Amino acid sequence: MQTAATYRQAIITLLLALLTISATAQIKSEVSETVELMGILSRTAGFQEFCDDLAGQYSKDTETWFAKYREHPTVTYYKDLRAKHDIAYERVTNMAVHLEIDKGKVKLIGDRTELTNGWQDVDLDEFVKHLNKFYEDTRFHEFYEQHQSFYNDFLKVYDTNVMPFIHPEWYGKFYNGTETTDCFHIIIGFTYGTTNNGVSRQLPGRPRELFAVCGYNLNPNTGRLLFDTSLPLHEFNHPFINPLLEKTKNAKAMQEIGQKLFQLSQQSMRQQHYDDWRIVINESLVRAAVIVYYYEHGQNQFAQNNQFALNMLTIETMKNGFPWMLDVVAALRYYATHREQYPTLDDFYPEIARCLSKFVQNN
């Protein structure tokens with residue numbers, strides 16, 4: 001006989017499942033004024049990773065509007081931050097998702113300790129003060145408002161071409177064996193070009209938010225929009241994978257292996273701006289996880305023959321400096337089919353270390 005407690009638990013389980021389905025169904029691509037602000041400031045300051053002219057007319061509009069502000073005091077200050085604290089790539093995005101525009105003012109939100117790496121030695125209040133000066137003097141909000149139709153038109157096309165292949169519920173199940181309570185956001189960085197970042201944010205009293213910030217770009221030869229479902233899939237993995245290597249036991253197991261892998265592909269890694277063994281380990285697992293995701297979902301946007309597309313993705317990853325990718329993919333697929341033995345990826349981490357250690361010994 002079912003007890004009242006059993007019925008209550010069944011109802012709670014059903015409600016959680018419905019909430020998960022609802023959250024998944026509602027995920028759509030977004031535009032963020034603070035992401036655009038940080039991207040355009042970085043472009044105006046000459047940060048190479050934000051200076052690719054891959055956005056067609058939008059790149060021209062950005063140049064026309066902001067070129068005259070290259071000597072603005074905020075730009076000079078920001079260049080100095082880059083030189084002193086290596087503010088670049090995901091650190092720019094990390095700041096962007098911790099900002100909001102409130103009544104015409106840029107404000108810092110969330111836990112400041114989430115602004116790590118280069119930002120930890122920056123006077124954040126001083127930075128926000130300078131950022132507001134740039135925001136006001138350039139009439140940034142006016143520029144942003146003038147391009148709302150452009151943003152919205154692209155987001156509709158992106159949602160049609162990419163969102164059917166994005167299944168956020170997979171992440172919690174794959175990494176922790178549970179339904180995730182995280183909130184997923186795909187933000188298009190219209191000045192990001194080929195730069196793509198994965199960052200997270202934890203606001204008080206709210207679920208953790210995961211952001212895949214993906215660059216908008218056109219094929220320079222044809223002018224056609226480029227869509228790649230692997231980009232948001234890749235970036236959403238980082239908030240699950242990166243914290244694992246921050247654990248002392250995992251870092252101890254991986255350090256020597258990671259250093260040797262970095263040496264094996266040092267030239268390729270530096271070309272991709274991967275200058276640390278930790279990045280090599282995390283990128284290896286993230287890239288392998290994307291391939292496993294495609295195996296498990298049996299679909300992607302690139303080809304009717306899913307196995308062919310997966311083979312091409314794996315080969316391309318190996319060419320980009322990860323010749324051990326087949327080994328990592330095989331390890332993660334083993335993990336995915338042995339969850340009773342390995343409930344979480346953290347439980348399986350020593351096996352990943354052993355897998356990579358064998359590759360190092362054989363090469």
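Both backbone and side-chain heavy atoms feed into the values below; hydrogens, waters and symmetry mates do not. Everything numeric here is computed off the predicted structure, so don't read it as measured data. Numbering of residues begins at 1 and proceeds along the displayed sequence.
More than 12 heavy atoms of other shown residues, nucleotides or ligands fall within 6.0 angstrom of atom CD in Gln266. Other residues, nucleotides and ligands place no more than 12 heavy atoms under 6.0 Å from the CD atom of Glu340. The environment of NZ in Lys249 is crowded: more than 12 heavy-atom neighbours from other residues, nucleotides or ligands sit within 6.0 Å. Other residues, nucleotides and ligands place no more than 12 heavy atoms under 6.0 Å from the CD atom of Glu71. Within 6.0 Å of the CD atom in Gln267, the count of heavy atoms belonging to other residues, nucleotides or ligands does not exceed 12. Heavy-atom contacts from other residues, nucleotides or ligands closer than 6.0 Å to CD of Gln48 number 12 or fewer.
Proximity of a side-chain donor or acceptor of Ser32 to a complementary backbone N or O of Val35 within less than 3.5 Å is detected. With hydrogens and angles ignored, the 3.5 Å screen pairs a side-chain donor or acceptor of Asn132 with a backbone N or O of Val106. The backbone N or O of Ala96 lies less than 3.5 Å from a partner atom in the side chain of Thr34, making a donor-acceptor pair. In this structure, the side chain of Ser42 engages the main chain of Met38 through a donor-acceptor pair within 3.5 Å. Side chain of Asn219 to main chain of Leu226: no donor-acceptor pair is present (N/O by atom type, distance under 3.5 Å, no hydrogens or angles). Listed for the His147 side chain is a donor-acceptor partner under 3.5 Å among the backbone atoms of Phe143. No donor-acceptor pair closer than 3.5 Å links the side chain of Trp277 to the backbone N or O of Glu256. Within the 3.5 Å criterion, the main-chain N or O of Leu54 finds no donor-acceptor partner in the side chain of Tyr216.
Tyr151 and Tyr58 have perpendicular rings, their planes meeting at more than 60° on a 0 to 90° scale where under 30° would count as parallel. Aromatic ring pairs are classed by plane angle as parallel below 30°, tilted from 30° to 60° and perpendicular above 60°; the pair Tyr274 and Phe322 is perpendicular. Classified by interplanar angle (parallel below 30°, tilted 30° to 60°, perpendicular above 60°), the ring pair Phe127/Tyr78 is tilted. Using the six-membered ring where Trp is involved, Phe154 and Phe227 have ring planes that are parallel, under 30° apart on the 30 and 60° scheme.
Remark: Asp125 engages Arg112 in a salt bridge, criterion side-chain N to carboxylate O under 4.0 Å. With respect to Arg82 and Glu49, a salt bridge is recorded, a charged nitrogen being found less than 4.0 Å from a carboxylate O. Between Arg354 and Glu351 there is a salt bridge, with a side-chain nitrogen of the basic residue lying less than 4.0 Å from a carboxylate oxygen of the acidic one. A salt bridge between Glu136 and Lys105 is present, with a side-chain N of the basic residue lying under 4.0 Å from a carboxylate O of the acidic one. By the 4.0 Å N-to-carboxylate-O rule, Asp327 lies too far from Lys358 to be salt-bridged with it. The residues Glu169 and Lys173 are annotated as not salt-bridged, no charged nitrogen and carboxylate oxygen being separated by less than 4.0 angstrom. Classification of Glu36 and Arg43 as a salt-bridged pair fails, no side-chain N sitting under 4.0 Å from a carboxylate O.
Cation-pi geometry between Arg208 and Phe240 is satisfied (NZ or CZ under 6.0 Å from the ring centre, within 45° of the ring normal).
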Exercise for the section: Under the side-chain hydrogen bond (donor to acceptor under 3.5 Å, both in side chains) rule, what do Thr229 and Tyr294 come out as? Steps first, then yes or no, please. Expected result: CA-CA 10 Å; Thr229 59; Tyr294 280 138; 2.5 Å; yes
Exercise for the section: Go through Asp61 and Thr64 one step at a time and tell me if the side-chain hydrogen bond (donor to acceptor under 3.5 Å, both in side chains) criterion holds. Expected result: CA-CA 5 Å; Asp61 292 351; Thr64 299; 5.6 Å; no
Exercise for the section: Test side-chain hydrogen bond (donor to acceptor under 3.5 Å, both in side chains) on Arg339 and Tyr335 and set out the steps. Expected result: CA-CA 6 Å; Arg339 299 305 296 275; Tyr335 157 74; 2.9 Å; yes
Problem - side-chain hydrogen bond (donor to acceptor under 3.5 Å, both in side chains) assessment of Asp137 paired with His72 - result: CA-CA 9 Å; Asp137 289 351; His72 189 277; 2.9 Å; yes
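Side-chain contact annotation: Thr344 with Asp347, donor-acceptor N/O pair under 3.5 Å present. Thr178 and Asn176 form no side-chain donor-acceptor contact under 3.5 Å, judged by distance and modelled atom types alone. One side chain, Asp346 or Asn250, offers a donor N or O that lies under 3.5 Å from an acceptor on the other.
Aromatic ring centres of Phe47 and Tyr89 lie farther apart than the 6.0 Å criterion allows.
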